[in-house]
Student: 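There's a structure below that I have some questions on.
What you are looking at is a predicted structure, and each value in this text was computed from that prediction instead of being measured. Only this structure's heavy atoms are used, side chains among them; waters, hydrogens and symmetry mates stay out.
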Amino acid sequence: MKRFKRNPEDLFNNKLSGFDAQQTVPRDSEKKLSLRLMRTMGIFVVCLMVFSVLFSVSVVLKDPPSDAVLDASGDRFVQLERNKAIGSGDTPSRIAEVPVDKLLNGLLAAGFDEGSCLSRYQSASYRKDSPQKPSSYLISRLRSYEALHKRCGPYTESYNKTVKQFKSGHQTGTLDCNYVVWISFSGLGNRILTLGSAFLYALLTNRVLLVDPGVDMTDLFCEPFPEVSWFLPTDFPLKDQFASFGQKTPHCYGKMLKDNKFANSDKSRFPSYLYLHLVHDYDFHDKLFFCDQDQTLLQKIPWLIMKTDNYFVPSLFLIPSFEQELNNLFPNKDLVFHFLGRYLLHPTNKVWGLITRYYKAYLANADERIGIQIRVFDDGTGPFQHVLDQILACTIKEKLLPEIDRQESIINISKIPKSKVVLMTSLSSGYFEKIRDMYWEHPTVTGDVIGIFQPSHEEYQQTEKQMHNEKALAEMYLLSLTDVLVTSSWSTFGYVAQSLGGLKPWILYKPENRTAPDPPCRRAMSMEPCFHAPPFYDCKAKQGIDTGKLVPHVRHCEDMSWGLKLVDHYDEM
């Protein structure tokens with residue numbers, strides 16, 4: 001049929017002929033409404049698809065955080081994808097911002113210039129969240145101490161007044177501030193532990209701790225207290241005599257007790273300062289420092305100058321007048337140095353650079369980090385075969401490291417292998433080289449990939465060298481960042497690492513007659529350091545006693561049978 005074109009006007013008129021004019025308006029409105037609904041639905045569907053895609057991408061790419069870097073704002077840390085080095089120069093394609101508690105649950109005070117001491121607030125991003133929280137009472141007492149230090153610290157009005165009386169040689173009235181001065185003495189591990197001991201004593205006796213800078217303390221550690229320094233001023237009287245202080249010093253407390261200098265109870269006759277000799281060679285009268293009645297006398301002396309190479313905290317827990325305060329400060333008895341060390345000891349930016357650069361380069365990407373700290377007390381030049389045998393026997397027996405397969409060149413393992421890095425610290429490089437070569441030349445029976453690293457090998461202890469001590473501090477800190485730790489008996493180096501890291505290490509027993517002991521090691525009862533030279537004396541009964549059996553939370557050390565250490569839960573082994 002032939003179709004003819006119609007005039008649009010005719011078509012419109014024909015349609016109108018069958019309908020009432022009033023009916024055309026609703027039909028037109030319905031058409032427009034339908035178009036709007038279709039357009040709205042289209043926009044909604046597109047938005048829904050976009051949202052779905054974005055959500056899927058975020059879920060697929062999201063990865064549990066393992067490492068962190070400080071965000072430029074300073075208020076949060078950015079957690080990088082697993083196996084990406086902290087602070088890597090690469091721009092990660094997958095990052096998730098996760099807040100990190102840089103104040104360590106209130107342990108640290110806010111308000112410091114973060115750039116002046118990067119480690120103070122950045123250290124939290126290098127550690128796993130600790131399940132251990134400081135008590136609210138400890139936090140309160142630390143804030144109170146900071147206020148006291150600000151009021152009484154170097155060159156304050158109260159300090160100047162007290163120093164003036166100090167120079168006079170005798171007390172002339174009641175003073176607002178009392179002090180304990182810590183003398184820089186012994187190796188770095190000892191110094192770190194004794195700093196914690198001296199600070200706790202200052203906290204218990206409401207004294208201000210002032211630290212003798214020695215030759216390198218200002219290069220190693222940042223200021224821990226706000227606004228006022230903890231370092232003893234260089235113009236302090238007697239500072240030049242510290243090196244000569246000993247048991248024969250006229251103001252030595254033990255000597256004055258022997259000479260019966262305190263027979264007269266008139267406070268005005270007491271000296272303005274006393275020297276406390278708490279070094280490992282101290283005698284009976286020096287050890288009376290740990291008696292309650294002697295603490296009552298010492299409270300009357302405004303200046304106490306302390307020299308020690310001992311972590312004497314366990315014996316403070318045996319002084320009755322301190323008992324309640326210590327229970328309030330530390331409900332968990334094995335966390336004393338863990339909290340005090342993290343509060344006080346912040347490496348300077350130079351040392352922090354040593355720590356972070358090494359961590360990023362060698363440790364950050366591993367699935368597991370294992371620290372092995374080796375201190376050998378034998379004479380002669382190592383490495384010693386019996387020490388190497390002991391290290392391998394301990395780490396393999398306790399399944400810290402896998403065995404090697406000497407028969408196969410390639411091992412096919414069904415499970416996904418782990419990457420484990422071992423951080424070794426030792427004065428000798430020999431142990432590191434032998435263990436490194438062993439895991440390079442042979443596959444492991446588990447298929448795990450093992451990397452062995454050692455930051456330095458100084459060959460012998462060089463306490464007088466600044467760079468030696470900076471490396472030592474960096475290595476202690478790096479060990480504290482591992483997941484599991486093996487340490488050597490009697491070593492304060494290892495004690496520092498385990499306490500800062502909150503780790504209960506496997507302790508290598510001290511070898512005898514150059515023979516690897518069997519068993520080679522044991523797990524520590526607690527992360528607390530050992531007090532190597534404690535007193536064994538009952539102050540009330542005035543007779544000898546085993547001070548490792550007086551209270552449940554003070555026990556003999558695993559690595560030194562006569563030493564004392566704090567524990568929280570103790571099981572006989």
Side-chain angles (χ1 to χ4, degrees), residues 66-68 86 100-102 104-105 107-108 117-132 134 187-196 220-222 224 311 334-348 351-364 366 368-375 400 420-426 453-456 469-488 491-508 523-524 526-530 565-566:
S66 61
D67 297 322
I86 293 179
V100 170
D101 180 15
K102 62 184 181 181
L104 307 181
N105 296 291
L107 190 70
L108 304 181
C117 185
L118 296 172
S119 66
R120 176 178 282 107
Y121 297 135
Q122 285 189 13
S123 61
S125 68
Y126 286 78
R127 300 187 186 280
K128 294 178 180 178
D129 287 339
S130 173
Q132 310 295 350
L188 182 58
N190 289 350
R191 282 188 281 162
I192 289 173
L193 296 180
T194 59
L195 256 181
L220 297 174
F221 298 107
C222 302
Y311 180 72
D334 61 345
L335 295 173
V336 177
F337 193 77
H338 177 65
F339 287 136
L340 295 185
R342 288 190 174 192
Y343 173 72
L344 289 172
L345 304 170
H346 309 292
T348 58
V351 178
W352 187 239
L354 294 175
I355 295 165
T356 54
R357 287 191 295 273
Y358 200 90
Y359 187 92
K360 294 170 191 175
Y362 302 107
L363 306 181
E368 185 176 8
R369 303 166 187 87
I370 301 158
I372 301 178
Q373 179 265 329
I374 305 168
R375 177 66 192 275
L400 306 181
K420 296 185 177 184
V421 296
V422 179
L423 175 72
M424 298 185 68
T425 65
S426 172
F453 303 100
Q454 180 172 330
S456 71
N469 286 328
E470 289 174 357
K471 289 180 179 178
L473 177 57
E475 291 184 7
M476 289 181 206
Y477 210 97
L478 284 165
L479 286 171
S480 79
L481 299 178
T482 59
D483 301 308
V484 294
L485 185 61
V486 178
T487 62
S488 297
S491 176
T492 56
F493 195 107
Y495 296 159
V496 172
Q498 71 194 41
S499 295
L500 288 180
L503 302 167
K504 290 183 181 180
W506 279 263
I507 302 176
L508 298 167
R523 191 76 184 271
S526 79
M527 64 189 76
E528 274 288 297
C530 179
K565 74 180 298 182
L566 291 167

Student: What distance separates Glu475 CD from Leu354 CG, expressed to the nearest 0.5 Å?
Tutor: 9.5 Å
Student: Do Val486 and Leu400 have side chains that approach each other closer than 4.5 Å (heavy atoms only, starting at C-beta)?
Tutor: yes
Student: To check you understand the geometry: which heavy-atom pair defines the closest contact between Val496 and Gly189, and what is its length?
Tutor: CG2-O, 3.9 Å
Student: Begin from the C-alpha positions of His346 and Leu108 and carry the test side-chain contact (heavy atoms from CB on, under 4.5 Å) through to its verdict.
Tutor: CA-CA 11 Å; His346 309 292; Leu108 304 181; 3.8 Å; yes
Student: What side-chain hydrogen bond (donor to acceptor under 3.5 Å, both in side chains) pairs are there with at least one residue in residues 493-504, not counting sequence neighbours?
Tutor: Tyr495-His532, Tyr495-Asp559
Student: Let me know which of Leu220, Thr492, Leu345 forms a side-chain contact (heavy atoms from CB on, under 4.5 Å) with Ile192.
Tutor: Leu345
Student: Partners of Ser480 by side chain to side chain donor-acceptor pair (under 3.5 Å), sequence neighbours excluded?
Tutor: Arg127
Student: Output the distance between atom OG1 (Thr356) and atom CG (Leu363), rounded to the nearest 0.5 Å.
Tutor: 11.5 Å
Student: For Lys128, check salt bridge (Lys or Arg N to Asp or Glu O under 4.0 Å) against everything at least two apart and list the hits.
Tutor: Asp483
Student: Using a 3.5 Å distance criterion without hydrogens, assess whether the side chain of Ser526 forms a donor-acceptor pair with backbone atoms of Leu566.
Tutor: yes
Student: Could you walk me through whether Ile372 and Thr425 pass side-chain contact (heavy atoms from CB on, under 4.5 Å), step by step?
Tutor: CA-CA 6 Å; Ile372 301 178; Thr425 65; over 6 Å; no
Student: Looking at every heavy atom in both Ala472 and Leu188, which two are closest together, and how far apart are they?
Tutor: CB-CD2, 4.0 Å
Student: Checking side-chain contact (heavy atoms from CB on, under 4.5 Å) for the pair Val100/Tyr121: CA distance, chi angles, key distance, verdict?
Tutor: CA-CA 10 Å; Val100 170; Tyr121 297 135; over 6 Å; no
Student: Any side-chain to backbone donor/acceptor pair from Arg369 onto Val422? Under 3.5 Å, distance only.
Tutor: no
Student: State which residues pass side chain to side chain contact (heavy atoms under 4.5 Å, CB included) with Tyr362; sequence neighbours excluded, sorted by chain then number.
Tutor: Tyr358, Phe453
Student: Just so I know, are the side chains of Cys530 and Tyr311 near enough to count as touching, which here means a heavy-atom distance under 4.5 Å?
Tutor: no
Student: Rounded to the nearest 0.5 Å, how far does CG of Leu485 lie from CE of Met527?
Tutor: 11.5 Å
Student: Locate the shortest heavy-atom distance separating Phe337 from Pro529; write the atom from each residue and the value.
Tutor: CB-CD, 4.1 Å
Student: Roughly how far, to the nearest 0.5 Å, is CG of Leu193 from CG of Leu340?
Tutor: 11.5 Å
Student: With sequence neighbours left out, write down each residue that passes side chain to side chain donor-acceptor pair (under 3.5 Å) with Ser488, or none if nothing qualifies.
Tutor: none
Student: Is there a side-chain contact between Val351 and Tyr477 (heavy atoms, below 4.5 Å)?
Tutor: no
Student: Looking at Lys420 and Glu368, is there a salt bridge between them, counting it only when a charged N and a carboxylate O are closer than 4.0 Å?
Tutor: yes
Student: Can we call the ring centroids of Trp352 and Tyr126 under 6.0 Å apart?
Tutor: yes
Student: Could you walk me through whether Phe493 and Leu479 pass the side-chain contact (heavy atoms from CB on, under 4.5 Å) test, one step at a time?
Tutor: CA-CA 10 Å; Phe493 195 107; Leu479 286 171; 3.7 Å; yes
Student: Can you name the closest pair of heavy atoms from Ala497 and Met476 and give their distance?
Tutor: CB-O, 3.5 Å
Student: Do you know the tightest heavy-atom contact between Leu344 and Gly196?
Tutor: CD1-CA, 4.3 Å
Student: Can you tell me how far the CG atom of Leu118 sits from the CD1 atom of Ile355, to the nearest 0.5 Å?
Tutor: 11.0 Å
Student: Has the side chain of Gln454 got a donor or acceptor atom that lies under 3.5 Å from a matching backbone atom of Ser426?
Tutor: yes
Student: Hey, could you give me the CE/CD1 distance between Met424 and Ile370, rounded to the nearest 0.5 Å?
Tutor: 11.0 Å
Student: Taking all heavy atoms of Pro134 and all of Leu107, pick out the closest pair and write down the distance.
Tutor: CB-CD1, 4.1 Å
Student: The criterion is side chain to side chain donor-acceptor pair (under 3.5 Å); which residues satisfy it with Ser491, sequence neighbours excluded?
Tutor: Gln373
